[in-house]
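These notes concern the structure reproduced below.
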Amino acid sequence: MRIIGGRLKGRRLSPPRVSGVRPTTDFARESLFNLIENRMDISACHCLDLFSGTGAISFELASRGAPSVVAVDMHPRVLGFLREQSVQLELPIRTVRADVFRWLKKPQEKFDLIFADPPYQVKHHEDIPNFVVDGDLLKPGGWLVVEHPAAMDFSEHPWFESHRACGAVHFSFFQHQTLHHG
């Protein structure tokens with residue numbers, strides 16, 4: 001796994017292999033961060049990485065100057081790796097070992113940017129935007145990005161902004177709106 005931007009650009013990391021954990025490809029990550037950086041200044045963002053897995057997105061956010069990143073996953077091996085590398089590289093990443101859906105239902109702090117890359121076969125994948133809205137997790141004007149399979153369509157969600165395909169990887173962008181959905 002390689003960090004593709006920011007102060008650690010080019011740094012290679014060797015996360016443990018864990019069944020069911022697939023890092024977002026370099027190509028998709030590069031496209032994703034181009035899209036994010038056209039919408040916001042990462043160096044001013046309090047970020048949340050849901051289903052963080054190997055931490056590819058967390059490392060990328062921190063390398064690009066995010067002052068804080070919270071990484072939530074339930075795999076202890078990948079979280080241990082993420083925590084260890086964060087300390088070694090002096091990155092502002094805090095790890096939380098939890099079932100993401102249970103964690104989302106508890107009151108949390110608010111974030112400027114939330115990235116969610118659940119395993120494609122996980123139940124409730126399509127409910128992630130509603131969990132984020134209902135949990136009031138985004139600051140006004142904040143962004144949620146969900147990585148998802150091609151067949152999933154979020155365009156009817158009131159906070160939906162756009163969809164982008166990067167090869168076989170699909171991202172849907174949602175922006176915090178002042179009115180809650182019903």
Side-chain angles (χ1 to χ4, degrees), residues 1-2 4-5 15 17-40 42 45-61 64 66 69-75 78-79 82 95-96 98-105 108 110-139 141-177 180-182:
M1 179 174 76
R2 183 174 62 91
I4 55 171
R17 293 189 188 277
V18 174
S19 175
V21 175
R22 48 158 185 69
T24 304
T25 65
D26 286 4
F27 168 75
R29 244 181 310 128
E30 194 159 354
S31 299
L32 170 67
F33 277 88
N34 286 338
L35 293 165
I36 290 171
E37 289 176 323
N38 282 329
R39 288 169 168 80
M40 63 193 329
I42 291 175
C45 289
H46 183 47
C47 303
L48 175 61
D49 184 6
L50 298 172
F51 307 94
S52 60
T54 61
I57 299 297
S58 292
F59 288 125
E60 208 62 57
L61 288 164
R64 292 166 188 254
V69 180
V70 176
V72 183
D73 203 291
M74 42 190 285
H75 290 90
V78 290
L79 284 175
L82 185 50
T95 59
V96 176
D99 173 280
V100 169
F101 293 110
R102 283 196 193 114
W103 188 84
L104 285 172
K105 290 179 182 175
Q108 302 296 339
K110 291 181 188 263
F111 299 91
D112 301 294
L113 174 64
I114 300 173
F115 180 79
D117 179 14
Y120 284 1
Q121 72 282 4
V122 77
K123 288 182 180 170
H124 304 298
H125 194 141
E126 67 282 353
D127 296 325
I128 290 171
N130 290 336
F131 282 126
V132 168
V133 171
D134 295 344
D136 197 25
L137 294 171
L138 274 178
K139 291 179 182 176
W143 289 91
L144 165 66
V145 182
V146 178
E147 185 172 330
H148 59 85
M152 207 166 276
D153 179 7
F154 291 102
S155 61
E156 296 301 314
H157 192 279
W159 288 15
F160 177 81
E161 188 259 347
S162 63
H163 166 263
R164 295 288 189 282
C166 303
V169 179
H170 293 258
F171 299 107
S172 282
F173 288 78
F174 304 83
Q175 188 170 34
H176 180 285
Q177 306 296 320
H180 284 277
H181 72 286

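Remember, predicted model here, so these are calculated numbers, not experimental data.
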* For the pair Phe111 and Trp103, name the ring-plane relationship: parallel under 30°, tilted 30 to 60°, perpendicular over 60°. => tilted

Interatomic distance, [X] atom [atom1] to [Y] atom [atom2] [nearest 0.5 angstrom]:
{"X": "Trp143", "Y": "Ile114", "atom1": "CH2", "atom2": "CD1", "result": "13.0 Å"}
{"X": "Cys166", "Y": "Phe27", "atom1": "SG", "atom2": "CZ", "result": "6.0 Å"}
{"X": "His157", "Y": "Ser155", "atom1": "NE2", "atom2": "OG", "result": "11.5 Å"}
{"X": "Arg29", "Y": "Ile4", "atom1": "CZ", "atom2": "CD1", "result": "5.0 Å"}
{"X": "Lys105", "Y": "Asp134", "atom1": "NZ", "atom2": "CG", "result": "10.0 Å"}
{"X": "Asn34", "Y": "Arg164", "atom1": "CG", "atom2": "CZ", "result": "11.5 Å"}

* Only counting residues at least two apart or in another chain, list the ones meeting ring pair (Phe, Tyr, Trp, His ring centres under 6.0 Å) with Phe154. => His148, Phe174

* Structure fact -> Those residues at least two apart in sequence (or on a different chain) that pass ring pair (Phe, Tyr, Trp, His ring centres under 6.0 Å) with Phe171 are none

* Is it the case that Asp153 and His163 place a side-chain donor and acceptor less than 3.5 Å from each other? -> no

Where do [X] and [Y] come nearest, in terms of heavy atoms and distance?
{"X": "Leu61", "Y": "Cys47", "result": "CD1-CB, 3.8 Å"}
{"X": "Leu35", "Y": "Arg39", "result": "O-NH1, 3.0 Å"}
{"X": "Leu144", "Y": "Pro129", "result": "CD2-CA, 3.7 Å"}
{"X": "Gly55", "Y": "Leu82", "result": "CA-CD1, 3.8 Å"}
{"X": "Lys139", "Y": "Asp112", "result": "CD-OD1, 3.1 Å"}
{"X": "Met1", "Y": "Ala56", "result": "SD-CB, 3.5 Å"}

So, do [X] and [Y] sit near enough that their side-chain heavy atoms are less than 4.5 Å apart?
{"X": "Phe131", "Y": "His124", "result": "yes"}
{"X": "Met74", "Y": "Phe51", "result": "no"}
{"X": "Asp73", "Y": "Val100", "result": "no"}
{"X": "Glu37", "Y": "Arg64", "result": "yes"}

* To do: Go through the steps to decide whether Leu50 and Asp117 satisfy the test side chain to side chain contact (heavy atoms under 4.5 Å, CB included), and finish with yes or no.
  => CA-CA 7 Å; Leu50 298 172; Asp117 179 14; over 6 Å; no

* Can Phe101 and Asp127 be said to form a side chain to side chain contact (heavy atoms under 4.5 Å, CB included), step by step? -> CA-CA 10 Å; Phe101 293 110; Asp127 296 325; 5.6 Å; no

* Check: Trp159 ring centre within less than 6.0 Å of His176 ring centre -> yes

* Ignoring hydrogens and angles, tell me if any N or O in the side chain of Asp99 forms a donor-acceptor pair with the backbone of Arg102 under 3.5 Å. => yes

* Donor-acceptor pair, Glu60 side chain versus Gly5 backbone, under 3.5 Å? -> yes

* Using the side chain to side chain contact (heavy atoms under 4.5 Å, CB included) rule, take Val70 and Asp49 through it: C-alpha gap first, then chi angles, then the decisive distance, then the call. => CA-CA 6 Å; Val70 176; Asp49 184 6; over 6 Å; no

* **Matching residue for Ser52 among Leu79, Ile57, Val72 - test: side-chain contact (heavy atoms from CB on, under 4.5 Å)** => Leu79

* Asked: Are more than 12 heavy atoms from other residues, nucleotides or ligands located less than 6.0 Å from atom CE of Met40?
  -> yes

* **side-chain contact (heavy atoms from CB on, under 4.5 Å) partners for Ala150, two or more places apart** => His170

* To do: Check the pair Leu104 / Leu137 against side chain to side chain contact (heavy atoms under 4.5 Å, CB included), numbers first and verdict last.
  => CA-CA 8 Å; Leu104 285 172; Leu137 294 171; 3.2 Å; yes

